[in-house]
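Please read the structure below before turning to the comments.
What you see is a predicted model; the values in this text were computed from it and never measured.
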Amino acid sequence: MARTSVREMRVLAAEERGLVALGRATLSAGAASVALVLGGTLGVVVAHVLATRRTDVYERIVAGLRADTTALLLVAGAALGATALVTGWWGYRRMPTKGSREAAISGALLGLQAVVYGGLLLAFRAGNPERFAFHFLNFDVLRGSFGQFLTGAKNTMLLATLGEAGGIAIGLMLSLLALSRRMVVRAPARAYINFFRGTPLIWQLSIFWFGIRIGLNLTITGFQAAVLVFAMNTGAYAAEVFRAGIQSIERGQLEAARGLGMSYFQAMWYAIIPQAVRRVIPPLMNEFVILIKDTALILVLGLTQSELDLYNVASQGYSASFNATFFVAAALGYLAVTLPLIRAVNVLERRLRSGLVGVAGA
Amino acid sequence: MNRDGSLVRLEDVHKWFGRNHVLRGITLSVAPGEVLVVIGPSGSGKSTLLRCINLLEEPTRGRVWFEGRDITDVRTDLNEVRTHIGIVFQAFNLFPHKTALENITLALTKVLKMRPEEARERAMEELRHVGLEHKADSYPGQLSGGQQQRVAIARALAMRPKLMLFDEVTSALDPELIGEVLEVMRRLAEEGMTMIVVTHEMGFAREVGTRVVFLDEGVILEEGRPEEIFSRPRHERTRQFLSRVLEPLH
């Protein structure tokens, strides 16, 4: 009896070892399939771009896409992906360990992605990549506009930073008014917030520039007007963020401060707001990312060449050349700024959640 | 001092929360040096009563006299009055973004307008008083519940109040940490501080209290010396309550 059961266990263990190996193989196949499809295509295209300097960049990109090697890589990658998908699908419930099960599932999902990406690239390749590449990947047309893009990026960041700073100041004041227990104080603050959140930013910019500025006979530049409107608009959103932040602080904090004889404003300023500010940094940074992109709306103001932001530099380049590669370059510029910011927000949120910023009494 | 010689006097104090009639006519005087313990079932209005004394809750009706002043009068400078009445809460309510020392010096510098060195000195003195001078630079999150509550007491005492209010200050503590907080309060009572203490610690009430008030459904049902209330309660409700809290296992 005992001997048989031991032998059975050995047989089972061998079978289990096979399954674990299969799970690992699925994961490798899935990863390899994605690498073939994406990395392989990219490699061939880059090789073509670097190989010769006789033709335009976009023509070399198309040549790379059109190469037989690319077709071979795409088909092979998709086929390997399909194999990983089927194996993983079949095997993941049979896997004996948590690790092998995860490997099988991940392998199958990577394989699925290889099939999808490979299919899309094959379809794109069979279509009209020349025309696409001529209009969107024609990097030769950008030659000579680097300085302008740099100025544009500088203006975008300047507009967004000044607008956000002004918006935070306006928002903090507005949030305190909006939290008042007196209706007569709350009502105008609410009206301001709702108005600026309820109308399009582009509408606010044009009305201010073509209406209010002329009506009040203000002598300000378009750039200054833009900063002002961005600050007023961001102020409305920041006010809601601050209000939520202040309301999230436990009531006992205000009571403790008042109990020590502090006035309402002392209690707010020394006890509540410092805590609320820590909690609202991530949402405020999100507002900043939004504003960076919204600076493009200054197109409604008559701005001089040196005042243009990233998007409008691209737009001008497009008008001059009728080539949309300028917009691709602008997108790369935006991403270069926003991706690190988004990453910073995520890191900060994780740190706040993990309790590195203390909570009373907890 | 009020006309009847008391430090604080409540006259027919009522409190409604919406339709909820929480305090139904409380009249109560506390003389200087007294340790008044308020007991009663949960929901009987103990905390509300305490918070009506420094007007963290505004009485809907009735008056509160403190040192001969009607502090329910709208013309009273409540911020000034509150500097003379310390309050300690169940949830400690220390400022989490400030160290133990800064928690104490904040009101000293901003409210009493003390110079920073002076405030620091007094804060250290109060921390020593509660046995925590070595934790001066710790943040509340780095302290145990008992230590946080002792800092909260030091923070209130640093204002040199004439009256201390304690709102179930040991209810949120782990059992082994209750003793250190009660010990601080006991010493404070011996030093002659006037205290009003809402608590479920019957041992403390009996030992330290000079007078006990039993609150039930918003009215004072019974009051007297601790030994009277605990050994010869006159009301059936008091008897029921005491039998439940004194022998919770039976």
Options L106(B), V81(B), T83(B), L55(B), ranked by heavy-atom pairs under 4.5 Å with chain A, top entry: L106(B)

Plane angle bin for H97(B) and F95(B) - parallel if under 30°, tilted between 30 and 60°, otherwise perpendicular: tilted

L165(B) versus chain A, the contacting section by heavy-atom distance below 4.5 Å: neither

Q149(B) and its side chain to side chain contact (heavy atoms under 4.5 Å, CB included) partner, picked from V88(B), I178(B), L94(B): V88(B)

Any T99(B) side-chain heavy atom under 4.5 Å of E102(B) side chain: yes

Segment of E255(A) engaging chain B (4.5 angstrom heavy-atom cut-off): both

Region of Y139(B) that comes under 4.5 Å of a non-hydrogen atom in chain A: neither

Option that, when pairs with chain A are counted at under 4.5 Å, heavy atom only, ranks first among E80(B), M159(B), R51(B): R51(B)

Point-to-point distance, once rounded to the nearest 0.5 Å, from CG of D294(A) to CG of N233(A): 7.5 Å

Side chain to side chain contact (heavy atoms under 4.5 Å, CB included) between T194(B) and M164(B), worked out: CA-CA 6 Å; T194(B) 314; M164(B) 283 288 288; over 6 Å; no

